[in-house]
Amino acid sequence: MAAMLDTFEADTAKKHGWKEAGAFAGTTARETRVTSLVSMTKSNKERLTAVAKAHGLSLSAFFRLAADEYIANHEW
């Protein structure tokens, strides 16, 4: 059972690593980081932060991935 859990955790960590890497796709070492503000209610922030953390992402990485996913799948 422990071996199965170890495999599951390793696979999950890989998937999350790929997601996080995708959140930085297109970023080069020469680019500087900038900040953008997103206004929302406290309850929205708590909900979205919980979803992001459940997938091993920061809220910022989650937003970048969500935006890229939306653009790619809605012909923007």
Side-chain angles (χ1 to χ4, degrees):
M1 182 65 131
M4 288 174 53
L5 287 175
D6 288 343
T7 301
F8 173 77
E9 288 176 0
D11 288 346
T12 302
K14 284 181 193 174
K15 287 178 188 175
H16 293 174
W18 294 333
K19 287 181 182 178
E20 193 155 320
F24 290 97
T27 301
T28 67
R30 291 184 181 178
E31 287 184 298
T32 59
R33 305 291 293 181
V34 296
T35 300
S36 294
L37 300 176
V38 178
S39 178
M40 67 187 78
T41 64
K42 184 176 179 181
S43 61
N44 279 338
K45 183 178 180 184
E46 290 169 352
R47 180 178 58 86
L48 294 172
T49 299
V51 171
K53 287 186 183 246
H55 293 280
L57 298 168
S58 66
L59 186 57
S60 181
F62 174 74
F63 282 158
R64 288 190 304 273
L65 285 172
D68 287 340
E69 176 84 11
Y70 189 88
I71 291 166
N73 292 302
H74 291 88
E75 299 179 19
W76 276 48

**Q** Could you tell me whether the side chain of Thr49 reaches within less than 4.5 Å of the side chain of Phe62, counting heavy atoms only?
**A**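 Of all side-chain heavy-atom pairs linking Thr49 with Phe62, none is under 4.5 Å.
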**Q** State the NZ-CG distance between Lys45 and Leu59, to the nearest 0.5 angstrom.
**A**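 The NZ atom of Lys45 sits 7.0 Å away from the CG atom of Leu59.
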**Q** Taking all non-hydrogen atoms of both residues, which atom of Ala52 and which atom of Ser58 are closest, and how far apart?
**A**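 Taking Ala52 first and Ser58 second, the nearest heavy atoms are CB-O, 3.7 Å.
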**Q** State which residues pass side-chain hydrogen bond (donor to acceptor under 3.5 Å, both in side chains) with Glu69; sequence neighbours excluded, sorted by chain then number.
**A**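 Counting only residues at least two positions away or on another chain, Glu69 forms a side-chain hydrogen bond (donor to acceptor under 3.5 Å, both in side chains) with Asn73.
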**Q** Which donor-acceptor pairs under 3.5 Å do side chains of residues 34-41 form with protein atoms, sequence neighbours excluded?
**A**
from, atom 1, to, atom 2, distance (Å)
Thr41, OG1, Ser43, OG, 3.2
Thr41, OG1, Asn44, N, 3.1
Thr41, OG1, Asn44, ND2, 3.2

**Q** What is the distance from atom CG of Leu57 to atom CZ of Arg64, rounded to the nearest 0.5 Å?
**A**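 That separation rounds to 9.0 Å.
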